[in-house]
Q: 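Submitted below is the structure of interest, expressed as structure tokens.
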Amino acid sequence: MLIELSHIQRLYCSDEVETTALHDIDLQIEASEFVAIMGPSGCGKSTLLNILGTIDRPTAGSYRFGEHELTALNEAALAKFRRENLGYVFQSFNLIDELTIEENIDLALVYRNMPKGERRTRVAHAMDRVGIAHRARHYPSQLSGGQQQRAAIARAIVGEPRLILADEPTGNLDTENGAQVMDILQRLNDEGATIIMVTHSPSHADLARRRIDMLDGQVVISVRNAI
Amino acid sequence: MLMTTLRSVIRQTQRHPLYVGLNVFGLALGIGLFLALTLLVRFEYSYNSGFRDVDRLFRLDTIASNPGTETREYAGTTFYALPFLKEDFPNIENSVRIQEQSLQVRLNGTLASFRGGFVDPSILEVFGLRLLHGLPDALSRPDGLVLSENAARRIFGTSDVMGRTVTVNNDGQMSRHIVTAVTNGGIGPNFLSDFEMMIPIPIEREKSNNCYSRWSSDCGNIYLKLKQAQDQASIQSHLRDFVMRRASGPDDSDIGLGLHPEKMYALTLAPLRNGRFYDAHVVASDDGVERNVIDGIGLVGLLALVLACANSINLATARSVLRAREVAIRKTLGATRKALLVQFIGEALVLTLVAGLLGIALCELLVPGIASLTGENITISYIFVLAVLPVVILGCGLASGFYPALVLSGYHPARVLAAARMPSGGRMVGRLRDGLVIGQFVIAITIVIGMLVIHQQTEFLKRADQGFVRSGLLIGSAIPSEDIATQQRLHDRLASVPGVSAVTYGMLAPSPEDKNQMTFTYDSPAGPIRVNLLQDRCDENYLDVYHPRILAGRWFDASRGQDTHPDYRKTPNAMSNVILNETGAQRLGFTKPTDAIGKVIKSGSHVSTIIGVMADMRFESPRQSIYPGLMTFNPHFSTVFQQPIPAVRFSGVPVLEMERRLGLAWSSVLPDVEGHFQTADARLEKFYRGDEQRGRIFTLGALAAVMIAALGLYGLSAFAAARRVHEMGIRKTLGATSLQVIMLLLRGFLRPVIIASLIACPIGWAITRNWLSEFDERILLGPMPFIIAVGGALAIAGLTVIGQTIRLARAEPARALRSE
Ligand SMILES: Nc1ncnc2c1ncn2[C@@H]1O[C@H](COP(=O)(O)OP(=O)(O)OP(=O)(O)O)[C@@H](O)[C@H]1O
Ligand SMILES: [Mg+2]
């Protein structure tokens, strides 16, 4: 078992209202799984993904990742965990405007203290895989949405993480680009990466091996797709 | 239009109170300091300019270039020259002689001192002094007296004192005078503004005093009013001929200056306009101010304004970026570029106006402070402020409004609206911002370096070795009596004061224009060397009181007959022993003090043997080089001292108490003479005061500069932080730790400060080195001021941004990513 969530709860407390984004989530994910999360807007998908990515902390519950109990780790340890194990693809790309595509991708390796030469070959390789090598020296604002999303994926995979989290990676893309992105994710999964993807597209969800449906902060169905 | 602008300003203030607040506050600080310092500079530049026809007024100065000494200019001139001048130069319209003197009046039993002196009656007319009561001919009667309004109030409690009598005490000589006029001085700051009492020069004085009848002595200043300002050049060019013609005489005459007076003596006209700047290099005038220092202060004021403007531009561009979306939407709705330009510049002007008003308020607060810091009587002139302020506001407003307006109005709406997040304003704007911050810190750091060096130098001068032991030493006023019995009595009285261990009389570096200056010749192996030496005389206790350092040879010994200075009138061919100061020994060509011992120097028929060399003793301004000097010995009142200066060494009694006791002892012997004892530091204080006061102004400027720069950095870091929240979220998601993020941000924020340090240090070095070169004794320009200034700037910048940085670094990445 790679991931084990038990009784995960996430409350948002603003001045007056208290929103429960996640109720008591229990979830297990095996290594090398490809999981699609679906559900209506506001049901807590992004929140769940953030907690899985340790960039948000649950209000209650436990999160085991392999041999680590992540809720017990301090901030520095979490940062180390993230850079060694995770790749993140956001719906809104989240590339840094001031850096070129190449530098944006490199950023995922910089914090690992990897030698420069190795970083360069890895970055080049990752860009090749998603097909944006010819845009290496461009700035994000000079790229189309689909190209930016592929750059974001390159950044997520460049460190060869054990877990890739993708929040609506095709949400901003047309059918053609969407299909390309799904193709890349599938290939990564075939190579052994664990992928958890949030999507609104049933056809994309069908490409995953397992599908989780959420409603009002809870997991309602979890089914395995026949492949 | 105005209403829209106002409404927009108010809305901006509500939305971004931090930026608007920093902007206005920084500008107000800059404008306030600028106005205050400009008032100070204006004050200095207007010195003496309130005199009637100031451009036709000159002081006659003496330039002495004696053998073995540096050329020096003195403000005093012999009064003997005046009748000849008037005769030879018909373009002299009028003249005034002023023999400055502290005059005393007995008020309620105690002697009160007034600054004033003996003057020619023409003084009122020549300087155009304003008369509260009386007529311009007030001093034409010999018992006339002109009082300043203040003095009249001090003596009588009212200014309406015409015809009342005052008994004036001049070092024990009494004279009765009738108040014939009350003046409130010249207009604006001038050298007569603290003159309180004027008495016509008595006829007896003219007859008895050497300085009225000899070329070689002086007792005051001659002021000339020329028919036309241009006459200065023609008179100046003939003064050398004048000296050759009028001052020459046989070498042994008391009246003339020898066969070739022009070789060592010259006269020159010193203009009264900006007289204080001129006086900075005139000997014995403690009133001089260096023009470049005043200009430096003006520059600090101007730089404070520039800093504040840079701040304003920076914050405005930063703020404008936050409004990019607003602008884009306005544009899609049809606003023209021009309309937007007008709107933004209008807003900037309104903010600058508010800052300007706050600046005036600040100036009101600062000016009294500056007045007391500098001891100058500076007041706010609203005519001046109102003339300058609109220019400043318009300039700053346009500067801070124009660039952001240009950038903003130039945005392409599509690009702004399409961008996922707010734009940074582009590379150009970013570079401008960095450049401005660097510029600000260059200015701030340079000013701080200047301030630190001034401070170090001033402290150094105060502590510098003056050749004698200052603690436990009190020095008195010159004793006017030339009667041995009185001198002896005062000596004994002072010696009997409890706590006093030794009393001595000396001459304490009298003005080098006195007769106590003689040119000596040393027949060195390489040929004769002539040096003009300043002569001092001391009694047998001098060594115990001053503790001068003996560098070679020995001190005087009363039991050795030849040590005692002979009375040459009785024994013209007597030999005598003398002690040189270090400078004197050097000028006579002795490389080591020991080389001088036993050598013989001659002045005319007087032959003296050097028995010792002592360290230079400094009783003059630290800017002045030490005059070569010679000490002679006069133990046990062998001959009478001329106006000796008493000094005592004491212990076990607090200084103030000792001063009081010595004052009482003095007045028990000389009841009609005002006399007091001071520490050596207090005597020298007037020479350091100016530097110290200007040092304080620099401190003020430095503080303000650093504060404005820090304000700007704070605003910018807040802006950058807000803009980089998202980026930091991404970095943390990718595995950066908080510490890494903090370091990254700090490096970014501090980079401009580091670059600024690299630029500021050489500039500061060049400026301070130049300033230090004016001093005869000065500190070595070490790394400390630079380290402190740079370290301080970095620390302040670090403190300024650390709060933002930590807040930014600690934000939960998920939350950071949501913020747009
Ligand atoms: N920072 C926050 N403060 C308060 N409430 C929040 C915050 N973030 C999320 N929520 C609330 O939590 C709930 C879940 O939000 P989440 O972003 O996970 O939804 P989602 O399923 O990803 O929706 P979508 O498909 O629209 O992206 C929502 O009701 C949302 O309003
Ligand atoms: Mg979502």
Side-chain angles (χ1 to χ4, degrees), chain A residues 10 12 21 46-58 74-99 103-114 139-142 144-145 148 152 155-156 158-159 161 165 167 172, chain B residues 321 324 328 411-412 414-431 433-434 719-745 747-748 751 806-820:
Chain A
R10 180 66 170 102
Y12 286 115
S46 296
T47 307
L48 178 59
L49 217 59
N50 285 346
I51 286 174
L52 284 167
T54 70
I55 59 174
D56 196 4
R57 282 177 184 268
N74 67 14
E75 225 212 307
L78 282 180
K80 183 167 182 291
F81 167 78
R82 283 199 290 271
R83 67 177 172 247
E84 285 169 359
N85 297 295
L86 289 187
Y88 225 112
V89 183
F90 300 93
Q91 177 178 2
S92 53
F93 320 141
N94 278 338
L95 297 167
I96 295 174
D97 283 347
E98 285 76 15
L99 303 179
E103 290 163 346
N104 262 291
I105 297 169
D106 188 41
L107 211 54
L109 302 178
V110 165
Y111 295 115
R112 290 193 182 193
N113 292 326
M114 201 175 274
Y139 286 92
S141 58
Q142 297 166 321
S144 77
Q148 287 188 50
R155 187 177 61 187
V158 71
L165 299 166
D167 194 351
N172 280 329
Chain B
V321 164
Y411 277 143
H412 292 288
R415 212 184 293 156
V416 173
L417 290 177
R421 349 186 259 96
M422 65 184 176
S424 64
R427 248 155 260 275
M428 265 307 289
V429 179
R431 217 164 283 155
R433 267 203 298 267
D434 277 354
F719 168 74
R723 219 171 45 76
R724 294 180 76 178
V725 170
H726 195 253
E727 177 195 334
M728 294 308 139
I730 299 173
R731 285 181 185 272
K732 290 185 79 175
T733 308
L734 294 175
T737 61
S738 296
L739 193 66
Q740 282 169 320
V741 168
I742 289 179
M743 293 317 286
L744 177 83
L745 287 168
R747 216 177 313 136
R751 206 180 58 114
I806 290 180
R807 203 156 45 83
L808 198 54
R810 304 216 6 209
E812 205 69 58
R815 182 184 299 243
L817 287 172
R818 288 179 73 93
S819 82
E820 292 286 276

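Lettering follows sequence order; numbering is per chain, from 1.
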Q: Going by the rule salt bridge (Lys or Arg N to Asp or Glu O under 4.0 Å), which residues pair with A:Glu103 if we only count those two or more places apart in sequence or in a different chain?
A: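 Listed in chain order: nothing, the list is empty.
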
Q: Heavy-atom cut-off 4.5 Å, strictly under: side chain, backbone, both or neither for A:Leu99 against chain B?
A: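 A:Leu99 touches chain B through side-chain heavy atoms alone.
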
Q: Distance check, rounded to the nearest 0.5 Å: B:Leu734 atom CG versus A:Ile96 atom CD1?
A: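 Separation between the atoms: 7.5 Å.
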
Q: Residues in ring-ring contact (aromatic ring centres under 6.0 Å, His included) with A:Phe90, at least two apart?
A: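 With neighbours one apart ignored, the set is A:Tyr88.
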
Q: Rounded to the nearest 0.5 Å, what separates atom CG in A:Leu107 from atom CD1 in B:Ile730?
A: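 CD1 of B:Ile730 is found 8.5 Å from CG of A:Leu107.
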
Q: Report the residues that fulfil side-chain contact (heavy atoms from CB on, under 4.5 Å) with B:Ile806, sequence neighbours left out, ordered by chain and then residue number.
A: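 So B:Ile806 forms a side-chain contact (heavy atoms from CB on, under 4.5 Å) with B:Ile742, B:Ile802, B:Arg810.
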
Q: Can you establish whether the number of heavy atoms outside B:Arg751 located under 6.0 Å from its atom CZ is more than 12?
A: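 No, CZ of B:Arg751 has 12 or fewer neighbouring heavy atoms, counting only those of other groups under 6.0 Å.
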
Q: Measure across B:Gly735 and A:Tyr111 and return the closest heavy-atom pair with its distance rounded to 0.1 Å.
A: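 Nearest heavy atoms, B:Gly735 then A:Tyr111: O-CB, 4.1 Å.
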
Q: Which region of A:Arg155, side chain (C-beta onward) or backbone (N, CA, C, O), has a non-hydrogen atom less than 4.5 Å from a non-hydrogen atom of chain B, or is it both or neither?
A: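 Side chain only.
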
Q: Write down the atom of A:Ala76, the atom of B:Thr737, and the distance for their closest heavy-atom approach.
A: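 Scanning both residues completely, I find the closest heavy atoms to be O-CG2, 4.3 Å.
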
Q: What are the residues of residues 77-85 of chain A, in order of number, with any heavy atom under 4.5 angstrom from a heavy atom of chain B?
A: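 Under the 4.5 Å heavy-atom cut-off, A:Ala79, A:Arg82, A:Arg83 qualify.
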
Q: What residue, out of A:Asp56, A:Ile51, A:Asn50, A:Leu86, has the most heavy-atom pairs lying under 4.5 Å from chain B?
A: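 Most pairs with chain B among the choices: A:Asp56.
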
